[in-house]
Amino acid sequence: MRFPFLHLGLCLGLAAGLFVSTVPAAPVVEDQARLSLDSVFSPELSRHGMVVSEEELASRVGAEILQQGGNAVDAAVAVGFALAVVLPEAGNLGGGGFMLVHLAEAKKTIAIDYRETAPAQARTDMYLDESGAVDKERLRYSHQSVAVPGTVAGLSHALARYGSMPLKQVIEPAVKLAEQGFVLKPAHIDTLKRTHEHFAQSEASHRIFLRPDGTDFEFGDRLVQKDLAWTLSQIRDHGPEAFYQGEIAERLVADMQAHDGLISREDLKNYRVVEREPVRGQYRGYEVASMPPPSSGGVHLIQLLNILEAYPIADLGLNSAESLHVMTEAMKLAYADRSKHLGDPDFVKVPLAGLASKAYAEKLRERISRNRATPSEKIQPGQPAKYESPQTTHFSVMDSKGNAVSNTYTLNFSYGTGITAQGTGILLNNQMDDFSAKPGEANAYGLIGDKANAIEPKKRPLSSMSPTIVFKDGKPYMVLGSPGGSTIITVVLQTLMNVLDHGLNIQAASSMPRIHHQWQPDLLRVEEGMSIDTVKLLKAKGHNVRYARPLGTTESILWDGKVFQGAADPRRQGGGAVGY
Ligand code: DON
């Protein structure tokens, strides 16, 4: 049985009732409370394998591949293609992402970087108008917003290297879903409505994502994507080359040329997937592997864990003001460092080892007061040791052999630019906004960047996506990740700490109210359901607290040594943990 979707308000209300903050620090969670919490939030269970994604239809596709004898990579690639159809707001062929693959037999974890790249014609100041201001419309909602897509190359690369099935077999369910259509759920209707204006400006999007009379789809309508079915069948029949050099490339480039876009035939032909070493850390005896630059996610996740490891988080209590205070202070320091030090490692030197070191965390910890919030304006990026040597969606898969895949990919905004390339059904990303278009100017997620993340031809924009695998005794223990722009890192951090520090099961850990601070703006966002007492205590320490919209949507698996526990985040209805 799938975890029954509880309305978010109910989940959070329950959580708020169970956890009341106390000062001074003392264990606040009685065993009885822990037991009832675990029974309210029960994960999906399976002995053989588990697939968790934001759309149950896609999770089912993955579980069927496992059942047919495929490994975690086969299933993950099938889910990746299926989500491009059934979760068009974030699943994609026209975007990019990151995949962490753990191979049990080889005892190896590989980080596959299929992030988009800036087109060769891109220039550092390309989005500035005559007055020197950033032209946000051109940056976010035009053919010039689009970076060279990496998804088709990334999924095909993973399958060819680490999968066991032919592309035809894993892509076929996606072709069928696009051709035959699927019934839209409230979550789809909601995001489609919110993108109406942008769809209306793109002839191809208008035709696909609005009803023929130009009105919005309603609950129960069927979304059929014939052009996308054609694109997927081209990839099925001719491989990824169809996308980067063949018929699909022709159509993409024609669409670019018709609308002042920058992506050329050469850009597509030259796109390369990069395999990287995951960034690694230790937290309370567990090993954490996550995505290295050009994502900032992994390194700051580990930096945060290093800082927080010295605090008695479990004793301070789940979502108590005391624990949230130190977590917030650590977040400010990490995001300040992000603004200065992080960028594409093929273009800038990222002090990765310094940022992820325990010694640097110790130095940063000295800057944290247990009693008072330090205003962000008093915090500057730190000086880690130099480098010693040279609507996004997440899904997780584990198979019975101990292989694991943690994948986050994105068009950036929900439906990216909202523009579909004519004749392809492919929604175009607006990943160029993840660059720092002007030093000190915030991007759509309020993130500030500098030279390290300036636009350069062929460079990859900095990301926060954090596909993560936690190991216990050398074996994958948790697989997790989330969408949420700048909040991804802190969402993954809290889900992980809810299990490792507070002993919650993976579903409860995914359901608890969350917080987020990113240094600038100096704002501590808390989700509804966080105890009002906790909020009062945080304010008394000097935090600028605001209740915020839901933070992130995790899709996680925990292997407890006997059983796979899958947890789809209740923040998005329609997600699915499917075991077999
Ligand atoms: O790579 C990044 O960090 C962003 N493009 C992710 C955007 C995102 O998570 C949007 N989803 N809610």
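Note that ligands are numbered from 1 as they come in the structure, with each ligand's atoms numbered from 1 the same way.
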Within a radius of less than 6.0 Å around [atom1] of [X], do more than 12 heavy atoms belonging to other residues, nucleotides or ligands occur?
{"X": "Tyr547", "atom1": "OH", "answer": "yes"}
{"X": "Lys458", "atom1": "NZ", "answer": "no"}
{"X": "Asp260", "atom1": "CG", "answer": "no"}

Worksheet entry | Polar side chain donor-acceptor pair, Arg571 to Thr554, under 3.5 angstrom | no
Discussion item. For a quick check under 3.5 Å, do Gln520 and Ser376 share a side-chain donor-acceptor pair by atom type?
Written reply: no
[X] heavy atoms, cut-off 4.0 Å: which ligand 1 atoms fall inside?
{"X": "Ser464", "answer": "1 (O), 2 (C), 3 (O)"}
{"X": "Gly485", "answer": "6 (C), 7 (C), 8 (C), 9 (O), 10 (C)"}
{"X": "Arg115", "answer": "1 (O)"}
{"X": "Met465", "answer": "1 (O), 3 (O)"}
{"X": "Gly484", "answer": "8 (C), 9 (O), 11 (N), 12 (N)"}
{"X": "Ile488", "answer": "9 (O)"}
{"X": "Gln431", "answer": "5 (N)"}

Worksheet item: Considering only heavy atoms from C-beta outward, does the side chain of Pro351 approach that of Tyr360 to under 4.5 Å?
Response: no
Using a 4.0 Å heavy-atom cut-off, say whether [X] meets ligand 1 through its side chain, its backbone, both or neither.
{"X": "Thr392", "answer": "both"}
{"X": "Tyr445", "answer": "side chain"}
{"X": "Arg460", "answer": "neither"}

Discussion item. For Tyr415 together with His196, are the ring centres under 6.0 Å from each other?
Written reply: no
Practice prompt. Please report which non-hydrogen protein atom sits nearest to atom 1 (O) of ligand 1, along with the residue it belongs to and the distance in Å to one decimal place.
Written response: Ser463 OG, 2.7 Å
Discussion item. Among all protein heavy atoms in this structure, tell me which lies nearest to atom 11 (N) of ligand 1, with the distance rounded to 0.1 Å.
Written reply: Gln391 CA, 3.1 Å
Practice prompt. Would you name the heavy atoms of Met465 and Gly96 that are closest together and state the gap between them?
Written response: CE-O, 4.3 Å
Practice prompt. May I ask you to check whether Asp434 has an N/O atom sitting below 3.5 Å from an N/O atom of ligand 1?
Written response: yes
Fill in: Residues forming a salt bridge (Lys or Arg N to Asp or Glu O under 4.0 Å) with Asp190, sequence neighbours excluded
Arg194
